[in-house]
Each structure stands twice: as structure tokens, then as C-alpha cells.
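Here is the naming used below: chain letters follow the sequence lines, and residue numbers restart at 1 for every chain. Predicted model only: the values in this text are computed from it and were never measured.
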2 protein chains.
Amino acid sequence: MALAELQPVNRDSTAAIIAEQLRAAIMNGSLPPGTQLGEVDLAAKFQVSRGPLREAMQRLVQEGLLRSERHRGLFVIDLEPADVFDIYTTRNAIEQAAATLIMRGGRAEQAAGALEEVLAEMRAAVRRGDPHAASDADSRFHEVLVAASGSRRLTRMARTLLTETGMCIAALQRTYEVPDAQVAEHTGIVDAIRGGRESLLLKLIDSHMEDGIRRLLPGYSLHGPGPEPSEPPSSAGAADAPARPARPRTRRRSAARKPAG
Amino acid sequence: MALAELQPVNRDSTAAIIAEQLRAAIMNGSLPPGTQLGEVDLAAKFQVSRGPLREAMQRLVQEGLLRSERHRGLFVIDLEPADVFDIYTTRNAIEQAAATLIMRGGRAEQAAGALEEVLAEMRAAVRRGDPHAASDADSRFHEVLVAASGSRRLTRMARTLLTETGMCIAALQRTYEVPDAQVAEHTGIVDAIRGGRESLLLKLIDSHMEDGIRRLLPGYSLHGPGPEPSEPPSSAGAADAPARPARPRTRRRSAARKPAG
DNA sequence: GATCGTATTATTGTCAACAATCCGAGGGTC
DNA sequence: GACCCTCGGATTGTTGACAATAATACGATC
């Protein structure tokens with residue numbers, strides 16, 4: 001047989017599709033932090049029953065993007081300064097690990113090639129003044145970087161963290177102008193990969209994350225003591241422990257507005 | 001009010017409880033890799049309907065512990081050598097990041113105290129020749145270590161990785177005798193934390209992981225090129241993409257045997 | 001006037017039944 | 001004998017309805 005590369009026809013499950021759409025909506029700010037996800041509304045918008053929708057939402061709860069309160073509903077997580085710090089700290093760890101795998105696993109050339117494609121899109125978007133596309137390319141750059149490590153687990157974690165990064169940017173109303181300096185930083189990362197400069201690469205990623213957190217939380221640093229979390233995670237660390245003692249919550253802050261695009 | 005520390009009464013959702021039980025069953029080998037999770041059987045064992053059970057399973061799919069094949073069922077993931085490598089590589093990254101946070105965030109004393117409690121249990125278990133308890137303590141040690149970082153995200157990831165570590169040990173039929181050397185390694189980690197020796201701590205964690213992977217995959221190393229994954233993760237990296245082209249599968253390898261203990 | 005108790009209403013949690021799909025067995029045909 | 005088609009059984013996917021719970025509004029009481 002000549003044609004050897006044919007992919008299986010398996011479609012994703014309905015829950016996976018819905019989860020992906022919700023993830024995108026959370027990432028781009030259509031579902032801002034704190035919003036309650038009413039099941040009937042969302043089910044109607046997705047034109048499915050509540051069953052598959054609930055399954056999809058349970059995925060996001062496990063992912064840490066939604067917070068579940070029994071008999072009360074599911075809410076998009078709130079992002080406090082401690083969370084922004086946490087997100088960038090964790091991203092730093094994940095991407096540095098991925099970078100190490102790339103350099104020591106002989107994947108540098110392949111990774112650099114894939115990254116340069118994204119980089120070209122980023123440059124084009126910046127040149128034509130399209131911040132949305134530039135931001136997309138930025139996100140994709142880091143996703144491709146981690147994926148190039150070949151680590152399934154790092155890749156999955158990175159995806160969640162990128163969603164949360166998008167939440168931060170959207171929540172803090174930064175238009176996220178991608179300046180030339182930002183493009184230069186990414187270019188430097190690719191160059192370091194191609195040049196085989198491992199320790200330089202790790203430093204570049206570190207300072208890139210440092211820049212990211214400084215842009216969102218002026219005055220904070222990745223390597224400082226970090227902001228005290230208002231609610232320290234329990235040692236058991238239940239995925240959806242609703243450790244919010246009393247919340248003067250309005251019953252519904254904002255219904256799902258544009259989940260299915 | 002004098003009493004200030006009263007925890008909220010909120011119970012976890014049913015899906016969370018079931019997911020936790022399934023996770024434990026997967027970790028300790030009651031549900032070995034490849035087993036299909038029949039919905040009706042499991043629902044009967046948990047004495048709930050299929051609805052909440054499916055929600056719980058979707059959580060584990062998102063977590064990467066289960067693999068979903070449309071209209072075919074949910075299966076415990078298979079663990080190939082590449083996965084063992086991936087698990088330990090990722091654990092290394094997570095725990096090193098946690099260790100850095102502990103040292104730089106002024107949490108060393110607190111962390112060392114919590115870890116020594118677990119360490120005492122581990123020593124006692126080894127002394128009385130209880131490998132099960134010793135293995136439990138080992139797992140808990142690392143969970144507490146990461147939790148002490150205060151990072152919610154690192155903690156959540158670590159928990160999944162510890163479940164998978166348990167799978168590896170159970171799958172490879174290692175009785176997981178925790179030798180004195182193993183206890184000594186953990187002790188060294190606590191000492192490094194208490195002594196404020198950050199770079200030593202990172203080295204100790206690294207070699208601890210190295211030992212772990214060598215125990216499971218003799219001949220492999222964390223820092224070598226690593227085993228080639230038989231199926232490289234797609235660049236998109238769908239969480240449950242069933243990229244297994246053709247599988248001469250028996251319809252049901254083993255029904256759920258002891259999920260609820 | 002403020003607080004407590006009660007009824008209402010909307011939402012979530014759960015369930016059992018229906019529909020769609022897949023696997024395997026059996027029989028027929030070449 | 002090998003291959004194809006068809007049928008039966010079983011499992012998953014989805015749905016709509018019912019039960020349980022919590023938030024709100026209203027009225028009674030001190």
C-alpha cells in the first residue's frame with residue numbers, strides 16, 4: 001500500500017467538543033471569571049441535552065478552570081494576584097522542562113522549524129496591527145514549544161495554563177499589544193534552540209515569564225516571595241474544594257454570552 | 001467570635017467522590033491498565049446511576065488516566081516505557097519547581113515539619129515490614145512536598161502524576177520494597193530543606209527521580225535521550241484523542257473488580 | 001424598623017428509558 | 001475453504017422527567 005499515513009476516523013466525544021468550546025470561551029474572556037454557567041442556557045446554546053454538557057463541565061472542573069459549588073452551580077474561577085503568580089510560576093517550570101527535553105532529546109531542529117512557522121505568523125500579525133492574531137500566535141508558540149518536547153503530560157498541562165494565561169490577559173483588560181520586543185524575545189528563544197545553547201534557552205524562558213508577570217502584575221517578580229494566597233490550598237488539595245466560607249454572591253452575574261461562537 | 005477556624009460544610013460533589021475512588025483503584029492496581037470500565041457494572045457497585053458515574057469518568061479522561069473510544073467505552077490507559085519516562089520527567093519538573101518555591105518563599109520550616117511527620121510514618125512502616133504502608137507514605141511524602149509550595153496548580157498536577165506512578169509500580173509487579181536507602185533519600189531531602197541548601201535540594205530530587213525510573217526501567221535514565229514514544233503526541237494534543245489505529249481488542253479484559261473498596 | 005419564619009421559584013442532582021452504534025456469531029455464496 | 005452479508009446481543013450516547021436543594025420575596029412578630 002502506497003498511502004501509509006491515514007488517520008483514524010474517530011471523532012472526539014461530544015463532551016470533549018463542548019469542553020473545548022467552553023475552554024476557548026473562557027480563554028478569550030467571553031466567560032469572565034466568576035460567571036455562573038447555567039446548565040439549561042448552555043445546553044440550549046450547544047443544542048444538546050444537559051447530560052453531555054455536564055460531562056464537559058466536569059472536565060473543566062478537573063482541569064481547574066471551573067469551580068463547583070454543590071446545589072449552587074458551576075462558576076468560572078476567580079483570578080487573584082496569587083493565581084497569576086502561580087500560573088506563571090508553573091508555566092515557567094513546564095516550559096523549562098520542555099526546553100530541556102527538546103535540547104537533550106535531539107528535537108532542536110524539528111522544534112525550531114515548527115516554532116519559526118508560528119513566529120512568522122506572529123510577525124505578520126504585528127506588522128499589520130492585528131493584536132488578536134498576534135496574541136493567538138503568542139499562545140500557539142508556547143503550545144508548540146511544549147508539544148515539541150514530545151511529553152504528553154507537559155503538553156496537557158501547558159494547554160490548561162495557556163487557557164488561564166488568556167483569562168488573565170482578558171480579565172485585566174490588557175489589549176495585549178504585542179510589541180516588537182515581545183517578538184524579539186520569541187525569536188531569541190528559537191535562536192537559542194537552533195544554536196544548541198541550552199542554558200541560555202532556560203534563561204530566556206525565565207525572563208520571558210518574568211516579563212509576562214510584570215506586565216500583568218507590575219511590581220511582582222517570579223523569583224520574589226510571591227503574593228500570599230488569600231486561601232492557601234489544603235494539603236489534600238481537592239480539585240474542586242469550595243473553600244470559600246461565605247460569599248455574598250449575586251445569583252447570576254452574567255449568563256453565558258457567546259460560547260459557541 | 002473566639003472560634004475562627006470552622007470549615008465550610010460543603011460536601012464534594014458525587015462525581016468528585018466517585019472520581020477519587022476510581023483514582024485510588026487505578027493507582028493501587030485494582031483497575032490495571034487496559035481494563036474497560038463498563039458503566040452499568042460500575043454504577044451498580046457505586047450504587048448510583050450512570051449519570052454521575054459518567055461525569056466522574058470524564059474527569060479522569062481529562063486527567064489523562066482514562067482513554068475514551070467513542071461508542072466503545074472507557075479504558076484505563078496503557079503504560080509503555082515512554083510513559084514511565086514521561087511521568088518521571090514531569091514529576092521531576094514539578095517537584096523541583098515546588099522545591100524552589102518552598103526555599104524562596106520562606107516555607108522551608110513549615111515544609112520540613114510536615115514532611116518529617118510523613119517520614120516518621122515511612123520509617124515506622126519500613127521497620128515493621130509493611131510495604132503497603134511504606135509505599136503510601138512515600139507517595140504522601142511527595143504530595144506533601146508539592147503541597148507545601150503553596151501552588152494549587154503544581155499540587156493538582158502532582159496528584160495525577162502520583163496516581164500514575166502508583167500505576168507503574170503496580171503494573172510492573174514490583175513489590176516496591178522500600179529499602180533503607182529509599183528512606184535515606186527522603187531524609188536527605190528534608191535535611192536539605194531545613195538547611196536551606198537549595199541547589200543541593202534540587203540535585204537530591206533529581207537523583208531521587210533518577211533512582212525511581214531506574215528501578216522501573218533498568219537501563220533508562222532521565223537525562224538520556226529517552227525512549228521513543230510509539231505514538232508521538234499530535235501537535236494539537238487532544239486530551240483524549242484515541243490515536244490507536246487498530247487494536248485487536250478483546251471486548252472486555254476485566255470487569256471493575258474492587259473500585260469501592 | 002429590624003429580624004425571623006415561611007412559601008415560592010429557579011436551579012442543580014439524579015434517574016430510568018430510548019436511540020445509536022459496535023462486536024461477534026451464524027449462514028450463505030463463490 | 002474463504003469471504004461476505006445479515007442478524008442478535010450488548011454497550012454506549014442521549015434525552016426528558018422527577019426529586020432535592022438553595023436563594024429570593026413576602027409576611028408576621030417583637
Expressed as a whole number of angstroms, how long is the span from [X]:[atom1] to [N]:[atom2]?
X       : N      : atom1 : atom2 : value
B/Leu53 : D/dT11 : CG    : P     : 14 Å
B/Asp12 : C/dG13 : CG    : P     : 12 Å
B/Glu69 : D/dT12 : CD    : C1'   : 12 Å
B/Ile17 : C/dG13 : CD1   : C1'   : 13 Å
A/Arg70 : D/dA23 : CZ    : C1'   : 17 Å

Among D/dT11, D/dA23, C/dT14, find the nucleotide with the atom closest to the side chain of A/Arg72.
D/dA23
5'-most contact on DNA chain D (nearest-nucleotide basis), A/Glu55 vs A/His71, goes to A/Glu55
On the nucleotide C/dT11, are OP1 or OP2 found under 4.0 Å from the side-chain N or O atoms that A/Gln36 carries?
no
Would one find a side-chain N or O of B/Thr14 under 4.0 angstrom from OP1 or OP2 of C/dT14?
yes
Which pairs count as ring-ring contact (aromatic ring centres under 6.0 Å, His included) when at least one residue sits in residues 50-71 of chain B, sequence neighbours excluded?
none
Identify all pairs in which a protein N or O lies below 3.5 Å from an N or O of nucleotides 15-19 of chain D, and state each distance.
| unit_1 | atom_1 | unit_2 | atom_2 | d |
| --- | --- | --- | --- | --- |
| D/dT15 | OP2 | A/Ser49 | N | 2.5 |

Residues passing the side chain to side chain contact (heavy atoms under 4.5 Å, CB included) test with B/Ser139, sequence neighbours excluded, are B/Met27, B/Leu162
For B/Ser149 and B/Arg107, which I'm curious about, is there any donor-acceptor pair between the side chains at under 3.5 Å?
no
Tested for side chain to side chain contact (heavy atoms under 4.5 Å, CB included) against A/Pro33, the lone hit among A/Ile77, A/Ile26, A/Asp78 is A/Asp78
